[in-house]
Protein chains: 2
Amino acid sequence: MVKAKVIYKPLMTGGLAKQIAERIRESITDGRLKADDRLPTEEELARQFQVSRPTIREALKRLAAQSLIRSRRGATGGSFINRPSREEVSSNLTTATALLVSLGEFKIPEILEARQELELLCVRQAVSRCGQAELDTMAREVDYQQRESISDEDFCASDVRFHRALADATHNSVLKFVMFTVIEALQPIENMVVYRVRERKVIARQHEEILAALRVKDEAAAAETVREQTAYLRERFDAAQAMRKSHSKFRPAEPA
Amino acid sequence: MVKAKVIYKPLMTGGLAKQIAERIRESITDGRLKADDRLPTEEELARQFQVSRPTIREALKRLAAQSLIRSRRGATGGSFINRPSREEVSSNLTTATALLVSLGEFKIPEILEARQELELLCVRQAVSRCGQAELDTMAREVDYQQRESISDEDFCASDVRFHRALADATHNSVLKFVMFTVIEALQPIENMVVYRVRERKVIARQHEEILAALRVKDEAAAAETVREQTAYLRERFDAAQAMRKSHSKFRPAEPA
DNA sequence: GGCCTTTATTTGTCAAACAAATTTACATTG
DNA sequence: CAATGTAAATTTGTTTGACAAATAAAGGCC
């Protein structure tokens, strides 16, 4: 007697709207729909999918939230496959990455390490490609960072601009895109380290060293300083953590 | 006589549903709402925002498409702030990013170069961190890629899995996230090169070499093969472009 | 205690109506 | 003929109201 082998097909889950959105997304992914193509009207889609128009609308809202379509009212209106800008996609990526960061999905040491590796990658490319414009930007920021009167916030903003200039110096738009996203997304963490415990002078000096190394195309020196800066940040962050721990233990009286 | 300076305030655009989704999203990103928190019911949100329930639903669909919330029916149902996985978030972002890539926003040489640099970064990390699981995955894919009966599509899918295993081998979740997103986003370009002109045997052999180098922790050898693979892809793509150019010039008669 | 049924609750879907935005076509005026 | 205004057509955006589907909890029965 042989036991019959029973195969169960996967259930259709997730609701109609989600399934419809997924179907339309596939037709974008597989190239059947291109940027600026117009989707059928909501009424027509409802007829084709044999569902109600509000269900179609819910599906379209899902697609809009992923920047895959945009909609417009009127005689020549409709829903169109979006032609996303670099800024739009980067902004979505940044938001999503920052959310993962804030949820603690990435551990601080991992973040610092990844940042270091990506920076090293930039340095490697920048050494042979740096233009005067990027060097000038970095120099300007280094000068700015050495002022004692600027706020922590402004110092952080300058830090971002310095690292963006470094990414610009790769002269590779894909790498720039990736780096800008990472730099922006990691700002909340950077702020945590930088804003509270940062020794500005050390950071500014390190930036100056990176800049000097790039000027003379000394990749090894620049890389060394990047590593040094990461180690310094790691140390500063650990110190901030330790201080926070001892604070919560002893609960000193709060001044008025 | 001084001309009065007229200031126009920005119009509220994007529809009610979009605005509501944005409001709720802000309360997530600014920490007021945490993972697993329950939102008010749809009816209650409709009351609070003074809009209809379908409008709330449309807003919630936007949030769901960004993996920020998940919903469930029933007595203890409702919409809950999601704790998204990295895979889930990455998956939401890849179609829009791939769309950007397919629009020619990035030049092919830049793409290939960036891909190479990011791969080299992975190799650098993977050499000292690779676990047996990743090696096994890569070996499985190399075997699979050597079969002659698989479709081009399946070969490409296996290629993706190989490179994802390499990213896994870094054991750094930030890098994994970045790499997964980049690998997926570059698929349209990869398909262009791979699908039409790919010499599968060459690619599979190169994967095998990378794997062998990782097994014996030979970073230099692995890096060399990554560079070789990029050069090969560049050459294959150039050949595909040249062939397309000569075709369009002479317009041969089309077979029936 | 285990199992079944009922109830309450919330999201999911549908139908129908009207509003808002947009373009096009047509009429009027100078 | 050009400029301006109005009406019509079309599509998305929003509302109201109803019912379906899914789920957990409570209560009853054995």
Side-chain angles (χ1 to χ4, degrees), chain A residues 8-25 27-28 33 35-83, chain B residues 8-25 28 33 35-84:
Chain A
Y8 297 104
K9 288 188 146 220
L11 294 177
M12 297 287 280
T13 63
L16 293 176
K18 189 176 177 187
Q19 291 174 54
I20 290 161
E22 194 55 35
R23 201 68 73 77
I24 295 172
R25 190 171 80 91
S27 56
I28 297 171
L33 288 174
D36 298 322
D37 282 356
R38 184 170 177 282
L39 291 178
T41 63
E42 293 176 0
E43 299 267 13
E44 175 62 22
L45 285 170
R47 198 190 60 75
Q48 286 184 30
F49 281 107
Q50 288 291 299
V51 297
S52 73
R53 191 179 145 223
T55 300
I56 292 292
R57 292 187 55 76
E58 290 184 13
L60 294 180
K61 289 298 183 284
R62 283 175 171 271
L63 295 170
Q66 297 182 351
S67 298
L68 298 180
I69 65 168
R70 63 182 192 275
S71 303
R72 197 183 60 207
R73 305 188 217 187
T76 59
S79 294
F80 301 82
I81 306 302
N82 201 26
R83 177 178 293 271
Chain B
Y8 297 104
K9 288 189 149 221
L11 294 176
M12 297 287 283
T13 65
L16 293 176
K18 189 177 176 187
Q19 290 175 52
I20 290 161
E22 192 56 35
R23 202 69 74 74
I24 295 172
R25 192 176 70 84
I28 297 171
L33 288 174
D36 300 319
D37 282 356
R38 187 173 174 281
L39 290 179
T41 63
E42 293 176 358
E43 298 269 11
E44 175 61 22
L45 284 170
R47 199 190 59 75
Q48 287 185 27
F49 281 109
Q50 288 290 300
V51 298
S52 73
R53 190 181 145 222
T55 300
I56 293 291
R57 293 187 55 75
E58 289 186 11
L60 295 180
K61 289 299 182 287
R62 283 176 171 271
L63 296 170
Q66 296 178 346
S67 298
L68 295 176
I69 67 167
R70 66 183 187 275
S71 302
R72 198 183 58 207
R73 305 188 215 185
T76 57
S79 295
F80 299 82
I81 307 302
N82 201 28
R83 180 180 295 276

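Computed from a prediction, not measured in an experiment: that's the story for all the values here. By convention in this document, chain letters (A, B, ...) are assigned in the order of the sequence lines, proteins followed by strands, and residues within each chain are numbered from 1.
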Quiz prompt | Stretch residues 37-48 of chain A: residues that reach within less than 4.0 Å of DNA chain C through a heavy atom | solution = none

Quiz item: In residues 62-70 of chain A, which ones come under 4.0 Å of DNA chain C, going by heavy atoms?
Solution: none

Quiz item: Given axes from five pairs at either end, by how many degrees does the helix from C:dG1-D:dC30 to C:dG30-D:dC1 bend, rounded to 10°?
Solution: 0°

Quiz item: Looking at B:Glu44 and B:Arg47, does any basic side-chain N land under 4.0 Å from a carboxylate oxygen?
Solution: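 Salt bridge flag = yes for B:Arg47 with B:Glu44.
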
Exercise. Just jot down the side chain to side chain contact (heavy atoms under 4.5 Å, CB included) partners of A:Glu22, sequence neighbours excluded, or say none.
Key: A:Arg25, A:Glu26

Quiz item: Who are the side chain to side chain contact (heavy atoms under 4.5 Å, CB included) partners of A:Ala35, not counting sequence neighbours?
Solution: A:Arg83, B:Leu103

Rounded to whole angstrom units, what separation is found between the [atom1] atom of [X] and the [atom2] atom of [N]?
X       : N      : atom1 : atom2 : answer
B:Arg57 : D:dT15 : CZ    : P     : 14 Å
A:Ile56 : C:dA15 : CD1   : P     : 12 Å
B:Lys61 : D:dG13 : NZ    : P     : 16 Å
A:Glu58 : C:dT13 : CD    : P     : 7 Å
B:Lys18 : D:dT14 : NZ    : C1'   : 17 Å

Quiz prompt | 5′-ward residue of the pair B:Thr55/A:Leu60 relative to DNA chain D | solution = A:Leu60

Could you tell me which non-hydrogen atom of [X] sits nearest to which non-hydrogen atom of [Y], and how far apart they are?
X       : Y       : value
A:Asp36 : A:Phe80 : O-CD2, 3.8 Å
B:Arg62 : B:Ala17 : CD-O, 4.2 Å
A:Ser52 : A:Ala46 : C-CB, 4.1 Å

Separation between [atom1] of [X] and [atom2] of [Y], rounded to the nearest 0.5 Å:
X       : Y       : atom1 : atom2 : value
B:Thr41 : B:Gln48 : OG1   : CD    : 8.5 Å
B:Leu33 : B:Ile24 : CG    : CD1   : 8.5 Å
B:Leu45 : B:Arg57 : CG    : CZ    : 12.0 Å
B:Ile56 : B:Leu39 : CD1   : CG    : 10.0 Å

Exercise. State whether the side chain of A:Gln66 and the backbone N or O of B:Ala65 hold a donor-acceptor pair below 3.5 Å, judged by distance alone.
Key: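 Judged by distance alone, yes, a pair lies under 3.5 Å.
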
Quiz item: Taking B:Asp37 for the side chain and B:Ile81 for the main chain, is one N or O donor matched with an acceptor at less than 3.5 Å?
Solution: no

Quiz item: Considering only heavy atoms from C-beta outward, does the side chain of A:Leu68 approach that of A:Asn82 to under 4.5 Å?
Solution: no

Practice problem: Do nucleotides 18-25 of chain C as a string where each nucleotide becomes B, S or -: B if the base has a protein heavy atom under 4.0 Å, S if just the sugar-phosphate does, - if no protein is that close. | Solution: --BBBB--

